Protein chains: 2
Amino acid sequence: MDKEIKLLNQYWTDIYFSLHYAHEEQISHQAVRILQMIEKTDLNSVGNIAEYLKVSHNTASEHVKKLVGKGFLFKSRSDVDERKVILHLTKLGKEVLKKNTSLDESKLENIMHSLSDKERFDLMNSLKILSERAK
Amino acid sequence: MDKEIKLLNQYWTDIYFSLHYAHEEQISHQAVRILQMIEKTDLNSVGNIAEYLKVSHNTASEHVKKLVGKGFLFKSRSDVDERKVILHLTKLGKEVLKKNTSLDESKLENIMHSLSDKERFDLMNSLKILSERAK
DNA sequence: ATTATATATCGTAATTAACGATATAATCAT
DNA sequence: ATGATTATATCGTTAATTACGATATATAAT
């Protein structure tokens, strides 16, 4: 089983290495984590970022300011508690996150076309199951 | 097909977000790319790094010095051309790369145990095929 | 009215990432 | 053998980044 898991990681890292987007954006690892946090979880405040990245609240606030300035995030205020900021990804922010974490759609399309119907079905189904179990 | 590809990326990013290693190392994106380049390709010189990262040769050399200092890389010299440095990952370097690009083995193990034999086989096989086509 | 909470801003320090200029050693061309 | 080229390293410098503590402001809770 251990060997199988190492093999899976071999496949996983090979796939990402080959299929990730080529054009690397000028964006820090911390910034990607913030965008991911907002997209993938229901955490969405400045305080949440501070906890998530384990930095102080002022640093989290600075990160947000920068990401808003770059047009990756925008803010709204909570109606139940107007001290709280609610952070949202902009269209550009979603795009940048995609470029930094997803597989290149055009490369992927070529490969998908080269697969048989069964191979394609098994791939989609296997990843679906893995993603569900992973949560 | 386009929808299927977006769905695949949804699965892909969900899986990585849930299953990546929790303990984030203090390492820059550029540094990860260098370690990856050395592990995944046959590029292994300082000059290769400069081209790969599109930085000047002196900057590449500085990166290498830092990564050697951290114990992630070590150098040897080419016997055919002694001007050339050949870079290798140390055990620690492999470990750091794993922590930054692979899925967490213990999380993965739990999931693998929860899958049926067929599910596990299909998953391994699908990723194998995808990794082969990706190259 | 007082205290606590969420966020923002300011001043500052440490680190990082990059470059051009320069140096050194090895190899190639003539 | 000599001069040119190549691969890497080092130095000095600059700009950007990342973090923090202290402080401020507005809102909410007691």
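Predicted, not measured: the structure shown is a model, and the values here were computed from it. Each chain gets a letter, A, B and so on, in the order the sequences are listed, and its residues count up from 1.
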* Identify the two heavy atoms, one from A/Trp12 and one from B/Thr101, that lie closest to each other, and give their separation to 0.1 Å. => CD1-O, 3.8 Å
* Asked: So do A/Glu132 and B/Asp14 actually touch side chain to side chain, heavy atoms under 4.5 Å?
  -> no
* Any residue meeting side chain to side chain donor-acceptor pair (under 3.5 Å) with B/Ser131, in chain and number order, not counting sequence neighbours -> none
* Structure fact -> Rounded to whole Å, CG of B/Asn58 lies from P of C/dT22 at a distance of 13 Å
* Structure fact -> Heavy-atom nearest nucleotide on DNA chain D taken for A/His57 and for B/Ile86; more 5' hit belongs to B/Ile86
* How long is the line joining CG of A/Leu87 and C1' of C/dA6, in whole Å? -> 12 Å
* To do: Mind listing the residues from residues 35-45 of chain A sitting with a heavy atom below 4.0 Å of DNA chain D? Number order is fine.
  => none
* For B/Asn100, side chain to side chain donor-acceptor pair (under 3.5 Å) partners two or more places apart -> none
* Polar pair under 3.5 Å, donor/acceptor by atom type, side chain B/Arg83, base D/dT6 -> yes
* What pairs of residues pass the ring pair (Phe, Tyr, Trp, His ring centres under 6.0 Å) test when at least one of them lies in residues 87-110 of chain B, not counting sequence neighbours? -> B/Phe74-B/His88
* Can A/Ser45 and A/Asn48 be counted as having a side-chain donor-acceptor contact under 3.5 angstrom? -> yes
* Structure fact -> What one should report as the nearest heavy-atom pair of B/Ile111 and B/Leu19 is CD1-CD2, 3.7 Å
* Could you give the angle between the helix axes at the two ends of the helix from C/dA1-D/dT30 to C/dT30-D/dA1, with five pairs per end, rounded to 10 degrees? -> 20°
* **Test item: B/Arg77 side-chain N/O and B/Arg83 main-chain N/O as donor-acceptor pair under 3.5 Å** => yes
* Asked: In whole angstroms, how far is the P atom of C/dT16 from the CG atom of B/Leu67?
  -> 11 Å
Under 3.5 Å, which N/O atoms of the protein pair with N/O atoms of nucleotides 17-19 of chain D?
| from | atom 1 | to | atom 2 | distance (Å) |
| --- | --- | --- | --- | --- |
| D/dT18 | OP1 | A/Ser28 | OG | 3.3 |
| D/dA19 | OP1 | A/Gln30 | NE2 | 3.0 |
| D/dA19 | OP2 | A/His63 | NE2 | 2.6 |

* Does OP1 or OP2 of D/dA9 have a side-chain N or O of B/Lys75 closer than 4.0 Å? -> yes
* Within the distance-only criterion (no hydrogens, no angle test), does the side chain of B/Ser61 pair as donor or acceptor with the backbone N or O of B/His57 below 3.5 angstrom? -> no
* Asked: Any donor-acceptor pair under 3.5 Å linking the side chain of B/Glu119 with the backbone of B/Ser116?
  -> yes
* Does the ring of B/Tyr21 carry B/Lys99 above it, NZ/CZ under 6.0 angstrom from centre and within 45° of its axis? -> yes
* Asked: Can you tell me how far C1' of D/dT8 sits from NZ of B/Lys84, to the nearest Å?
  -> 12 Å
* Below 4.0 Å: OP1/OP2 of C/dA8 and any side-chain N or O of A/Ser61 -> yes
* To do: Would you mind classifying the nucleic acid contact of A/Asp81 as base, sugar-phosphate or nothing, using non-hydrogen atoms under 4.0 angstrom?
  => sugar-phosphate
